[in-house]
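Working notes, structure below.
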Amino acid sequence: MNAVPQRVEHQMTDKGYVPVYTTSVIEQPWDQYSATDHQVWATLFERQQKILVGRASDEFLRTQQAMGMNAHQIPKFDDLNRMLRATTGWELIGVEGLLPELTFFEHLANRRFPVTWWIRKPEQLDYLAEPDLFHDLFGHVPLLMNPVFADYMQAYGQGGVKAHGIGPEALVNLTRLYWYTVEFGLIRDTGGLRIYGAGILSSKGESIHCLESDAPNRIGFDLERIMRTRYRIDTYQKTYFVIDSYEQLMDATRPDFTPIYARLAAQESVPAGTVLDTDTVYNRGTGEGWLTDGDV
Ligand code: HBI
Ligand code: FE
């Protein structure tokens with residue numbers, strides 16, 4: 001029986017009104033996982049593996065394979081850490097769940113990726129409001145084996161620590177960047193548009209919706225455009241941004257963001273479903289099924 005995750009408070013975060021957990025780092029209690037926990041992992045893993053062939057980015061599939069992740073059982077952080085440390089210097093740490101932003105940024109800035117130690121219940125297979133082990137391990141971890149993406153994640157964390165010192169608006173701008181790249185990003189691969197964002201990769205419905213539905217916009221990556229754009233936390237995204245390469249992401253985070261935050265403070269935020277005439281448009285969405293309010 002797993003220890004119940006300690007919830008310290010509820011907080012309005014970019015994932016909505018969710019519990020924020022203690023910031024303590026927890027050894028993965030691998031021997032405590034029940035047969036049901038391993039079965040939930042297996043079910044989700046096998047289902048996503050089928051859906052992601054032809055949809056996930058080449059690099060995601062390559063790195064996931066290289067890590068030897070499989071449906072057989074919940075991976076051991078220690079096993080994955082040996083590979084990660086040797087490849088990009090990253091390591092996974094076990095946490096209770098969502099961390100206060102500064103704590104999260106500080107981990108990323110030191111190449112530590114926080115992974116929730118518990119996995120969802122069978123009745124939560126299709127949706128849960130907060131990141132669990134499957135979202136973090138299956139969705140986020142493989143690309144940390146890619147040197148350029150690994151550098152981007154650390155640069156993002158360093159930027160987050162700085163933004164935290166600048167103020168709440170800068171944090172909102174930077175959180176949008178994480179949302180539209182690390183969580184819900186698309187990339188132009190040799191075969192066409194593919195998924196690299198963890199929020200999509202770990203979601204059955206959105207893995208299909210983001211590429212095959214006519215409803216969402218698909219727009220070329222533009223750093224300031226993204227940092228101005230609000231997003232959804234409770235439905236599929238209205239807009240997906242498309243990078244040409246992981247290098248494009250890394251290059252975008254090289255400049256000092258201070259003047260960017262200043263420019264953004266003088267501009268209106270852009271609602272999630274907007275298409276601007278300066279956009280590189282891969283697809284102008286029909287907006288079918290969009291909710292009118294609820295952008296953050
Ligand atoms: N904490 N454990 C965890 N995982 C996240 O992805 C996470 C977080 N805290 C804050 C957060 N993400 C987002 O607000 C980032 O944009 C900072
Ligand atoms: Fe995530």
Side-chain angles (χ1 to χ4, degrees), residues 5-26 28 44 48 56 60 77 90-120 127-144 149 152-185 195-203 206-207 210 223 226-227 229-234 237 241 249 253 257 261 296:
Q6 296 111 22
R7 297 185 170 180
V8 289
E9 59 178 286
H10 277 74
Q11 197 176 357
M12 182 47 88
T13 72
D14 59 75
K15 294 176 171 69
Y17 195 63
V18 292
V20 176
Y21 294 92
T22 60
T23 56
S24 50
V25 176
I26 298 125
Q28 183 190 22
L44 289 169
Q48 280 311 98
F60 172 81
F77 293 5
W90 275 82
E91 71 167 315
L92 310 181
I93 50 167
V95 293
E96 291 290 355
L98 277 178
L99 300 170
E101 287 179 325
L102 186 56
T103 312
F104 182 67
F105 292 139
E106 284 165 346
H107 284 311
L108 298 188
N110 291 284
R111 297 208 172 214
R112 294 188 299 263
F113 190 80
V115 177
T116 300
W117 66 265
W118 50 267
I119 195 164
R120 68 191 75 180
Y127 184 74
L128 78 165
E130 48 195 306
D132 75 330
L133 178 137
F134 183 75
H135 168 80
D136 285 333
L137 217 44
F138 182 94
H140 281 287
V141 167
L143 278 176
L144 292 175
F149 191 81
Y152 171 70
M153 287 293 279
Q154 179 178 33
Y156 181 87
Q158 290 161 340
V161 170
K162 268 198 305 197
H164 192 270
I166 295 172
E169 296 81 14
L171 267 187
V172 168
N173 295 150
L174 201 75
T175 295
R176 290 166 174 170
L177 177 60
Y178 190 85
W179 194 265
Y180 281 118
T181 58
V182 179
E183 294 293 357
F184 291 95
I195 305 162
Y196 72 94
I200 310 176
L201 291 165
S202 56
S203 155
E206 195 146 11
S207 296
C210 75
L223 181 77
I226 283 178
M227 292 171 87
T229 306
R230 298 165 62 184
Y231 55 83
R232 313 289 309 183
I233 52 175
D234 53 358
Q237 297 309 307
F241 287 93
L249 272 185
T253 54
F257 279 10
Y261 294 136
V296 294

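Whatever order the structure lists them in is the order used to number ligands and atoms, beginning at 1.
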Within-shell test, Trp179 vs ligand 1, heavy atom, strictly < 4.0 Å: no
In short, Leu133 meets Trp117 closest at the heavy-atom pair CD1-O, 3.5 Å
Minimal heavy-atom distance between Gln154 and Trp90, with the atoms involved, is N-CZ2, 3.6 Å
So, applying side chain to side chain contact (heavy atoms under 4.5 Å, CB included) with Pro114, which one of Leu108, Asp136, Leu98, Thr23 is it? Leu108
Do any nitrogen or oxygen atoms of Leu99 lie less than 3.5 angstrom from nitrogen or oxygen atoms of ligand 1? yes
Would you say ligand 1 has an N or O under 3.5 Å from any N or O of Gly97? yes
Tell me, which N, O or S atom in Glu183 is closest to the Fe ion (ligand 2)? OE2
Within a distance under 4.0 Å of any heavy atom of Phe105, pick out the atoms of ligand 1 and give their elements. 17 (C)
If you look only at pairs with a residue in residues 109-118, which of them pass as a salt bridge (Lys or Arg N to Asp or Glu O under 4.0 Å), with sequence neighbours excluded? Arg111-Asp151
For residues Phe138 and Phe134, establish whether the separation of their ring centroids is below 6.0 Å. yes
